[in-house]
Number of protein chains: 2
Amino acid sequence: MAESIRLGILGLGTVGTGVVQLVNEHQSELQHQTGSNVEVTRVLVSDINKERGAELEGVTLTESYEEVVTADDVDIVIEVMGGIDHTLEVMKEAFKNGKHVVTANKDLLALHGTELHEAAAANDCDLYYEASVAGGIPILSGLKSGLSSDRITKMMGIVNGTTNFILSKMKDEGRTYEDVLKEAQDLGFAESDPAADVDGLDAARKMAILGTLGFSMNIDLEDVDTAGIRNVTLEDMTYADRLGYTLKLIGLAERGADGVHISVEPLFVPADHPLAAVKNEYNAVYVHGEAVGETMFYGPGAGSLPTATAVVSDLITVIKNVRLGVSGHDNVAAQHQKQLKPKSAITSKYYLRLHVADETGVFESITQKFAEEGISFEKILQVPVEANGNGKAEIVLITHETNGAAYEALCQELNNLASVKELKSNYRVEGGQTA
Amino acid sequence: MAESIRLGILGLGTVGTGVVQLVNEHQSELQHQTGSNVEVTRVLVSDINKERGAELEGVTLTESYEEVVTADDVDIVIEVMGGIDHTLEVMKEAFKNGKHVVTANKDLLALHGTELHEAAAANDCDLYYEASVAGGIPILSGLKSGLSSDRITKMMGIVNGTTNFILSKMKDEGRTYEDVLKEAQDLGFAESDPAADVDGLDAARKMAILGTLGFSMNIDLEDVDTAGIRNVTLEDMTYADRLGYTLKLIGLAERGADGVHISVEPLFVPADHPLAAVKNEYNAVYVHGEAVGETMFYGPGAGSLPTATAVVSDLITVIKNVRLGVSGHDNVAAQHQKQLKPKSAITSKYYLRLHVADETGVFESITQKFAEEGISFEKILQVPVEANGNGKAEIVLITHETNGAAYEALCQELNNLASVKELKSNYRVEGGQTA
């Protein structure tokens with residue numbers, strides 16, 4: 001029998017509990033795949049006196065992280081406690097003590113990924129974090145191994161389950177944003193302060209990690225142009241449907257010859273695009289590679305056991321590396337210098353909804369502005385605003401491809417027109433890459 | 001600069017050409033990821049005198065496989081020539097000469113996978129074959145690494161692009177099997193002898209490979225219960241639609257407590273299941289794991305560059321192994337003894353279409369047979385057969401879950417009824433696992 005591999009777990013919340021459960025229940029699979037016994041020796045908890053289940057018998061519980069990351073009887077540290085600044089120090093301490101680290105911490109990776117990789121590399125340690133993006137979906141290993149030979153040109157991710165749940169319910173049940181948000185909060189899918197989800201920040205962290213790996217370029221969180229779903233209305237969802245699209249919160253990473261652009265934003269996705277069928281709390285990452293064309297990875301984006309699956313799969317990789325004596329070789333630095341493309345240089349189609357005065361000549365004055373900016377449109381709908389006698393009409397349209405600068409200029413021009421009462425909404429439209 | 005890794009390629013057809021192209025065009029990525037130059041030194045071709053493009057300058061072309069698999073200037077052999085018995089000998093010869101092998105050969109893997117792994121292991125060589133299943137989709141690396149910590153309970157694959165193309169067109173355009181098959185042949189999607197595709201054999205080979213990896217059990221080709229799509233009619237597709245399903249050719253691998261069952265068959269898939277949206281020549285593999293729940297991998301199942309992407313991704317893994325000195329460690333034997341479950345022991349829902357005499361009492365005599373076998377139904381439609389005055393009616397139904405043995409007995413009983421004119425068709429129905 002080979003020696004045991006000993007785990008120290010930082011945090012015993014939802015994911016930590018799932019990891020302990022998987023390690024215990026899948027002992028024979030772990031043994032078969034790694035040739036090692038795997039045992040949990042130490043766990044950092046917030047309250048050492050709390051009653052624990054039988055699965056933690058013989059495990060040393062502690063309230064001090066040093067007792068985990070410096071312990072002689074810990075080979076690999078699993079960080080599932082969350083947090084940023086303090087946790088960064090804890091992980092660097094773990095590397096200094098020669099511990100390999102598996103983490104699910106997207107916030108930390110998005111903010112300090114480069115620093116963490118350097119700390120791991122300096123100590124010949126492994127650092128893996130599959131669970132940080134899209135929970136149970138093995139997208140990082142997909143990018144690192146399965147698609148490693150290709151040049152990725154575009155990634156589109158539904159990487160936040162809460163917002164996808166809200167948008168799916170709005171669409172399928174015709175309910176308002178506020179109404180569904182409340183249900184999501186009652187179900188525990190959304191926090192009482194939902195800002196990190198609904199303002200797109202959580203998705204932006206994941207896109208920084210995906211962009212870094214997929215484009216081999218150190219993308220920082222502040223490089224991600226981020227917009228959330230607070231202003232998405234039922235009206236826009238209904239128009240999306242009529243025009244053959246579905247409105248989704250999408251993390252979009254695009255690479256052109258002259259740089260990359262990474263964003264999180266509500267996007268019109270063609271109704272027959274594989275991402276349009278991804279519903280409720282599910283996640284998916286669509287990857288376009290120069291050679292492979294389109295692929296998509298779909299699955300649960302969160303949850304105790306799905307996330308634990310990703311953690312333990314990383315753990316298996318780390319254990320194999322330990323046994324083969326090749327730890328730390330996967331800390332490959334980025335191949336390319338970061339080169340960001342501003343939004344103004346990005347070419348897109350746009351969806352635009354305007355309230356205008358319901359009088360003759362309005363339509364012509366608007367189309368003239370389009371012509372002046374050299375923007376043509378693909379689809380247009382003109383509808384009287386619900387009979388409220390206020391003399392307004394609604395114009396809804398989708399443009400052909402145009403660059404962001406011209407589109408910004410157009411919006412300003414439209415706002416200056418006396419006949420345009422209000423520019424109601426305004427989203428980019430994905431096109432031309434559907435299956 | 002590190003030493004070069006030298007490739008010998010067996011076969012210069014569609015995939016071989018794609019591999020040469022990718023290796024040439026993605027040289028800087030390969031260099032970055034592996035720390036090695038990668039160069040093609042020898043290529044086995046069928047006609048050495050044929051004119052070749054500039055990308056083969058300096059490469060030794062040969063019509064003799066020995067000059068590739070025994071050559072001192074070849075480190076890794078890429079087998080993309082196809083074939084079975086002869087190719088098996090060629091690959092064993094390569095291993096004997098200490099060459100690592102990357103192959104796209106599903107036929108060979110499905111028939112001789114165990115023997116090949118043993119030959120590789122005996123010579124401390126690597127054997128990788130991502131391209132053999134679902135072309136550009138990194139499903140094998142997904143099963144081997146991303147989902148390695150989980151216990152897979154079920155896999156459902158659309159793993160044959162030709163049949164998925166045919167069924168998609170039949171459904172979307174209301175055309176007959178023969179009509180669409182002809183189009184597929186004209187487009188080059190289907191062979192002039194389409195048997196391997198339309199009778200399910202190609203899909204069965206891939207399911208043998210997926211079953212072996214996903215269940216860690218040596219599944220042979222003959223273990224796969226295989227049925228094709230020749231008898232699929234437009235009527236059944238239309239009923240599927242009315243009943244909320246889509247008819248797809250699915251490779252189905254199920255694991256229960258008492259064994260596994262693997263099949264390829266036309267299956268009723270719920271219309272909101274992620275597989276139902278996989279259209280035309282696209283492939284997808286849906287995986288259900290005990291811990292992760294549902295995941296799905298989607299992408300191109302064939303084509304020169306997608307398949308070459310999978311080959312070159314394997315190549316990167318093999319080169320890393322060479323450089324780290326850990327070649328051959330991934331030839332892990334199956335964890336479990338093969339234990340097959342017969343079809344009669346499998347629990348499923350069934351779709352059944354009958355032509356019956358259009359007279360009173362028929363319905364009762366049929367439902368009585370169902371009651372006798374303890375099978376109840378979930379949905380039922382009774383429709384008069386198109387007014388042709390022949391006194392027949394059509395009954396279409398979907399049963400609740402029942403085991404295969406009871407269902408077989410029921411069909412026999414129904415066939416014996418004088419009022420049942422014909423049992424027209426008969427498919428299993430996937431249920432209960434939708435997103």
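Source: prediction; values computed, not measured. Convention: sequence-line order gives letters A, B, ...; per-chain numbering from 1.
- Contact of B:Leu22 with chain A is made through the side chain alone, with heavy-atom distances under 4.5 Å.
- The CG atom of A:Asp172 lies 10.0 Å from the CG atom of B:Asp272; values are rounded to the nearest 0.5 Å.
- Note that CZ of B:Phe297 is 13.0 Å distant from OH of A:Tyr298, once rounded to the nearest 0.5 Å.
- Across all their heavy atoms, B:Ala277 and A:Ala277 have their closest contact at CB-CB, 4.5 Å.
- Using a 4.5 Å cut-off between heavy atoms, A:Thr307 does not touch chain B at all.
- Between chain B and the options A:Gly325, A:Gly293, A:Ser145, the largest number of non-hydrogen pairs under 4.5 Å is found for A:Ser145.
- Of the listed residues (B:Gly135, B:Ala276, B:Gly142, B:Ala291), the greatest number of heavy-atom pairs within a distance under 4.5 Å of chain A belongs to B:Ala291.
- Along residues 326-336 of chain B, the residues that come nearer than 4.5 angstrom to chain A, judged on non-hydrogen atoms, are B:Val326, B:His329, B:Asp330, B:Val332, B:Ala333, B:Ala334, B:Gln335 in order of number.
- Among the candidates A:Ala310, A:Gly18, A:Ser28, the residue making the largest number of heavy-atom pairs closer than 4.5 Å to chain B is A:Ser28.
- Comparing B:Gly303, B:Ser304, B:Pro300 by how many heavy-atom pairs each has under 4.5 Å with chain A, the most go to B:Pro300.
- Contact tally against chain B (heavy-atom pairs below 4.5 Å) for A:Leu305, A:Val292, A:Leu140, A:Ile139: the top residue is A:Val292.
- Open room surrounds NZ on B:Lys279; 12 or fewer heavy atoms of other groups in view lie less than 6.0 Å from it.
- A side-chain donor from one of B:Glu294 and A:Tyr282 sits under 3.5 Å from a side-chain acceptor of the other.
- Separating the CG atom in B:Asp150 from the OG1 atom in A:Thr309 is a distance of 4.5 Å, to the nearest 0.5 Å.
- Around atom CD of A:Gln337, no more than 12 heavy atoms belonging to other residues, nucleotides or ligands sit under 6.0 Å away.
- Contacts between A:Lys320 and chain B at a heavy-atom distance below 4.5 Å involve the side chain alone, from C-beta outward.
- If you run side chain to side chain contact (heavy atoms under 4.5 Å, CB included) between A:Ser149 and each of B:Val19, B:Ile316, B:Asp314, only B:Ile316 comes through.
- Between the side chain of A:Arg151 and the main chain of B:Glu25, a donor-acceptor pair closer than 3.5 Å is present.
- Heavy-atom distances place no part of B:Glu130 under 4.5 Å from chain A, backbone and side chain included.
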